[in-house]
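Report on the following structure.
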Amino acid sequence: MLSRASKPFVKLVERYLPDPYIFVLLLTLVTFAFSSFIQNQSILTTVQQWGDGFWGLLTFSMQMLLVLVTGFMLACTPLVKTMLERLASVAKSPGSAIVLVTLVSLIASWINWGFGLVVGALFAKALARNVSVDYRLLVASAYSGFIVWHGGLAGSVPLTIATPGHFSEAQIGVISTSETIFSSFNLLLLAIMFVIIPLVNRLMLPPESESIIVDSAKLQDDALPPATNERPADKLENSKVLGLLVGFAGLAYLTNYFIDGGGLNLNVVNTLFLFLAIVLHGSPRNVLHSLQQAVQGGSGIVIQFPFYAGIMAVMVQSGLAQTMSQWLISFASAESLPVWSFISAGVVNIFVPSGGGQWAVQAPVILPAAAELGAEINRVVMAVAWGDAWTNLIQPFWALPVLAIAGLKAKDIMGFCLVQLIVTGVIISLVLRFV
């Protein structure tokens, strides 16, 4: 059984994987060392690059924090909670709970990565309140669905090259999503992932004697204090009219935005989640209560993202990211380049955990290599996209929102995710090479 095979990985990670904050500190020092010894950069130059870039992701950090906060607020609305609870009642056994949370996470992540992260984690909590199932694997299963995001509707690399005026247009032109997101090989990959990932998660389910079950009482959301109308201010806080007027104004703005041809991006997603939460919560008091719950899990994002910004700056400015990519593709052919691009993207993603940022780093290396070898540009591009998503399975950076909502640490889920990394890595490589 795969549950036995996964046991050594789970124990290994539980014993040796540090907290994500420790992980990012170690990555910082490793990046310093590589920059010095591989790129022959002085320590002073490396530290200068790191410091100059340390606050380079402030906007992105706030956007990510708002993905967590607004997604949490929306998922805590009575309507969404009711939907998740009813869907959770469908699961009658630990195995069905694992499969169901994986499928919901896969679908949500394909629609939008931020939505998938939040919904998957909240649905895992809803399932754990109804079924006695290993909570670590349940949350890991919710996170494993995140691997399909870059092959989905909000994939940053395919959407970038489909936008006129993108920075690589002179080299490759504008490539339609029909050749990337909706290409036959990408749709096949997605179909395989929707079968294999739930199956692997189900097979990793440990026996009941070895499962870690969380008391459902500990998974209950904080109850909303009773409403009072003793002060004039209380009437404003409990007013549904006030919230609905502003909420519908925000939704009207978004409706007009989409009518005018606007597309999805982080700001639009956060705006949509925020105003939907305002409308569905009704009163400002309910909105503020959900906000207080949501911000409790955002500390990891606040403290860690600046360190990743510094790492990204060193990787790009020292040329280390390009060196790593060039080495991996130096022995490639037109047929094997997509596979090596996939692997190189997976390696670079550990240091540069941002789809858009990673494409900016790798495009100047991957695209000329593809042109020189005569490889299919769309396949190489999607290989980078899938590589970026692939190693997120063991990259605590993107797991932070899930872990914050679920109340777990990275070491609790990464052993299971490591198994998925191996299985999906083999499958994606085979499809990119032979299909």
Side-chain angles (χ1 to χ4, degrees), residues 64 67-68 70-71 74-75 80 83-84 87 98-124 139-162 176-201 258 263-266 268-270 272-273 276 342 345-346 349 353-356 359 378-379 381-393 395 398-399 401-402 405 417 420-421 423-425 427-428 431-432 435:
M64 277 304 301
V67 167
L68 171 63
T70 59
L74 178 60
V80 176
M83 292 173 60
L84 290 177
L87 188 57
I98 295 298
V99 171
L100 190 58
V101 75
T102 309
L103 288 173
V104 168
S105 176
L106 283 164
I107 294 170
S109 296
W110 180 80
I111 294 172
N112 181 272
W113 61 269
F115 185 67
L117 286 175
V118 175
V119 166
L122 288 167
F123 187 49
V139 176
S141 299
Y143 183 58
S144 66
F146 186 53
I147 193 176
V148 303
W149 84 269
H150 221 148
L153 298 180
S156 58
V157 172
L159 290 181
T160 295
I161 64 172
S176 168
T177 54
S178 63
E179 299 181 55
T180 52
I181 295 174
F182 298 106
S183 64
S184 58
F185 71 86
N186 188 64
L187 293 176
L188 176 62
L189 258 178
L190 288 168
I192 294 173
M193 293 297 110
F194 269 76
V195 174
I196 293 297
I197 294 178
L199 178 61
V200 171
N201 285 335
F258 287 119
L264 286 176
N265 55 49
L266 278 177
V268 171
V269 169
N270 286 332
L272 177 62
F273 281 16
L276 280 176
F342 165 70
N349 178 61
S354 167
W359 180 239
N378 63 326
R379 188 179 293 263
V381 167
M382 290 309 296
V384 174
W386 277 97
D388 167 73
W390 175 50
T391 48
N392 283 333
L393 286 169
Q395 166 58 275
W398 293 113
V402 175
I405 293 169
C417 292
Q420 284 285 13
L421 181 85
V423 173
T424 56
I427 293 172
I428 296 171
V431 172
L432 289 172
V435 175

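Just so you know, these numbers use all the heavy atoms, side chains as well, and skip hydrogens, waters and symmetry mates. Throughout, numbering of the chain's residues begins at 1 and tracks the sequence. Remember, it's a predicted structure, so these values are computed and weren't measured experimentally.
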Fill in: Nearest non-hydrogen partners of Ser109 and Val148, listed with the distance
CB-CG2, 4.2 Å
Worksheet item: Measuring from Phe185:CZ to Leu190:CG, what's the distance to the nearest 0.5 Å?
Response: 10.5 Å
Worksheet item: So, Ser144 versus Asn201: side-chain donor-acceptor pair below 3.5 Å or not?
Response: yes
Discussion item. I need the minimum non-hydrogen distance between Ala385 and Pro158, along with the two atoms involved.
Written reply: CB-CD, 4.4 Å
Item to complete: Establish, from distance only, whether the side-chain atoms of Trp390 and Asn349 form a donor-acceptor pair under 3.5 Å.
Response: no
Fill in: Step-by-step side chain to side chain contact (heavy atoms under 4.5 Å, CB included) determination, Trp149 to Asn392
CA-CA 11 Å; Trp149 84 269; Asn392 283 333; 3.6 Å; yes
Practice prompt. Go through Ile161 and Trp359 one step at a time and tell me if the side chain to side chain contact (heavy atoms under 4.5 Å, CB included) criterion holds.
Written response: CA-CA 10 Å; Ile161 64 172; Trp359 180 239; 3.9 Å; yes
Discussion item. With rounding to the nearest 0.5 angstrom, report the CG to CD1 distance, Leu199 to Ile98.
Written reply: 12.5 Å
Worksheet entry | CG-CG distance between Leu153 and Asn112, expressed to the nearest 0.5 angstrom | 9.0 Å
Item to complete: Report the C-alpha distance between Leu100 and Phe123 in whole Å, list the side-chain angles of each, state the deciding distance to 0.1 Å, and finish with yes or no for side chain to side chain contact (heavy atoms under 4.5 Å, CB included).
Response: CA-CA 9 Å; Leu100 190 58; Phe123 187 49; 3.7 Å; yes
Discussion item. Looking at every heavy atom in both Met382 and His150, which two are closest together, and how far apart are they?
Written reply: CE-O, 3.8 Å
Worksheet entry | Closest non-hydrogen atom pair between Arg379 and Val431, with its separation | NH1-O, 3.6 Å
Worksheet entry | Interatomic distance, Ser156 atom OG to Asp388 atom CG [nearest 0.5 angstrom] | 6.5 Å
Worksheet item: If you measure from CD1 on Ile405 to CG on Leu117, what distance do you get to the nearest 0.5 Å?
Response: 8.0 Å
Item to complete: Could you check Thr70 against Leu74 for side chain to side chain contact (heavy atoms under 4.5 Å, CB included), going step by step and ending with a plain yes or no?
Response: CA-CA 6 Å; Thr70 59; Leu74 178 60; over 6 Å; no
Worksheet item: Can you find a heavy atom in the side chain of Trp386 that is under 4.5 Å from one in the side chain of Met193?
Response: yes
Worksheet entry | For Asn186 against Ile181, the heavy-atom pair lying closest together | ND2-O, 2.7 Å
Worksheet item: Between CD1 of Ile428 and CD1 of Ile196, what distance do you get to the nearest 0.5 Å?
Response: 11.5 Å
Worksheet item: What are the two closest heavy atoms between Phe194 and Ile107, and how far apart are they?
Response: CE2-CG1, 3.7 Å
